[in-house]
Protein chains: 2
Amino acid sequence: MQLDGRLSRMLHLLIHLDRAEGPMTSEAAAAMLGTNAVVVRRTLAGLREAGIVRSTKGHAGGWTLSRPLDDLRMLDVYKALGEPRIFAIGLADPAPQCLVEQAVNASMSEALHRAERLLVEQLSTITLGDIAADFDRRLRGHLEGRAEHA
Amino acid sequence: MQLDGRLSRMLHLLIHLDRAEGPMTSEAAAAMLGTNAVVVRRTLAGLREAGIVRSTKGHAGGWTLSRPLDDLRMLDVYKALGEPRIFAIGLADPAPQCLVEQAVNASMSEALHRAERLLVEQLSTITLGDIAADFDRRLRGHLEGRAEHA
DNA sequence: AATCATGAAACATCGAGAGTTACGTTACTG
DNA sequence: CAGTAACGTAACTCTCGATGTTTCATGATT
């Protein structure tokens, strides 16, 4: 994976955590995400500090959601991950002497910032509850599709 | 530089090409951009295929702009670069079996695509002529600033 | 005491842009 | 026509951050 898939993975995992009964181990989460348990712990660490999940050690331990999905916006998760870099493209030199490059930077920054604001606005609008509701719709559609074939 | 600075660099360079008299060598361009001549050639190759610049070999050779800046939109340059990846974040799995992940992907793709559309729209609105005009304003301001100190 | 789980450090892997070296080709110059 | 200046290109290396892996320590349950 050449992209930063942490936000995507965490959204996926958090909804499963909500659906799960009792704590989910890093091992189980890793199997679900197709990755390694240490990667899961590392990534969830930020969410724990942000109060999104709780972890318990020992027997029957693991990860638990500490808020309802409706109180969780995609933006909260993004911030809990440390607000990773959004864009793969950027300025060659953020503080150039050359006035030409300064003008280029002004145009590019403006465009990038606007796109970033739109993205952040959307992340703040959509809750994990919304995504879970979409999942439920997909699940019903999926089951109906199977029923028709029966 | 951890970001893709090609668009930024090419915008910068193209305006200098417009201002320059006669062809500019890759070596001179590299010095201006703080990089290597081979990097310049490699990057400009795409712009040449897109008809944005021309290259001539031999004595007094180098790179020349083949269109006026007002006919060049930032988007043209972006496309000539092969439309590089815009976002550093993305989906962990673009075609998952899991319906939860499908729902997550739907939300994230939607948000990312909207942000991308806004960015592309802006890149298509701004011409290199606009940026050059902004440079001219900055230059006047710069000279006035120096004059006041004199 | 044994086991199961997280916490965390240390290191390897990977991909893409960037940088570098080297050599071939083309075109001008004297 | 030899020399030189420039692009064209292949084939590397370097870098950086996310990802993956190994290992050991710590804490909680049985």
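By convention in this document, chain letters (A, B, ...) are assigned in the order of the sequence lines, proteins followed by strands, and residues within each chain are numbered from 1. The analysis underlying the following values was restricted to heavy atoms, covering all of them including side chains, and did not include hydrogens, waters or symmetry mates. Quick caveat, the model's predicted, so the values are computed rather than measured.
The side chain of B:H59 lies closest to D:dT4, out of D:dT4, C:dA18, D:dA18. Distance from the side chain of A:V38 is smallest to D:dT22 among D:dG3, D:dA18, D:dT22. Checking C:dA27, D:dT22, D:dT9 against the side-chain heavy atoms of B:K57 singles out C:dA27 as nearest.
Of the two residues near DNA chain C, A:G62 and B:A60, the one whose nearest nucleotide lies more 5' is A:G62. For the pair A:G34 and A:T56, nearest-nucleotide mapping onto DNA chain D gives the more 5' position to A:G34. Comparing B:G61 and A:V39 by the nucleotide of DNA chain D that holds the closest heavy atom to each, the one mapping nearer the 5' end is B:G61.
In this structure, CZ of A:R54 is placed 13 Å from P of C:dG7, rounded to the nearest angstrom. To the nearest angstrom, C1' of C:dT6 lies 15 Å from CG of A:L47. Separating the CG atom of B:L7 from the C1' atom of C:dA18 is a distance of 16 Å, rounded to the nearest angstrom. Spacing between atom CG of A:N36 and atom P of D:dA18 amounts to 17 Å, rounded to whole angstrom units. As a whole-Å value, the separation of B:Q2 CD from D:dC16 P is 9 Å. Rounded to whole angstrom, the span from the CD atom of A:E27 across to the C1' atom of D:dG20 amounts to 13 Å. Per the geometry, CD belonging to B:E49 stands 14 Å off C1' belonging to D:dC7, to the nearest Å. With rounding to whole Å, A:I89 atom CD1 is found 13 Å from C:dG17 atom C1'.
Within the structure, a side-chain polar atom (N or O) of A:S26 is placed less than 4.0 Å from OP1 or OP2 of C:dT6. The phosphate of C:dG19 has OP1 or OP2 within less than 4.0 Å of a side-chain N or O from B:T35. Close to D:dG20, at under 4.0 Å from its OP1 or OP2, lies a side-chain N or O of A:R9. A:R41 has no side-chain polar atom (N or O) that falls below the 4.0 Å cut-off from OP1 or OP2 of C:dG7. The phosphate of D:dG17 has neither OP1 nor OP2 within less than 4.0 Å of any side-chain N or O from A:R85.
Contact of the B:D4 side chain with the B:R85 side chain is not registered, since no non-hydrogen atoms from C-beta on lie closer than 4.5 Å. The closest side-chain heavy-atom distance from B:L139 to B:L143 is below 4.5 Å. Residues B:H16 and A:C98 form a side-chain contact, since some pair of their non-hydrogen atoms from C-beta on lies under 4.5 Å apart.
Of the charged side-chain nitrogens involved, none lies within less than 4.0 Å of a carboxylate oxygen, so that B:K79 and B:D76 do not count as a salt-bridged pair. Salt bridge status for A:R114 with A:E110: present, with a side-chain N to carboxylate O gap under 4.0 Å.
B:R42 comes within 4.0 angstrom of a base, heavy atoms only. Within 4.0 Å of A:R48, counting heavy atoms only, lie sugar-phosphate atoms of the nucleic acid but no base atom. In this structure, A:G58 reaches the bases: a heavy-atom distance under 4.0 Å links it to at least one base atom across the strands shown.
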**OP:** Go through A:D136 and A:R140 one step at a time and tell me if the salt bridge (charged side-chain N to carboxylate O under 4.0 Å, His left out) criterion holds.
**Re:** CA-CA 6 Å; A:D136 288 327; A:R140 280 197 299 276; 5.8 Å; no
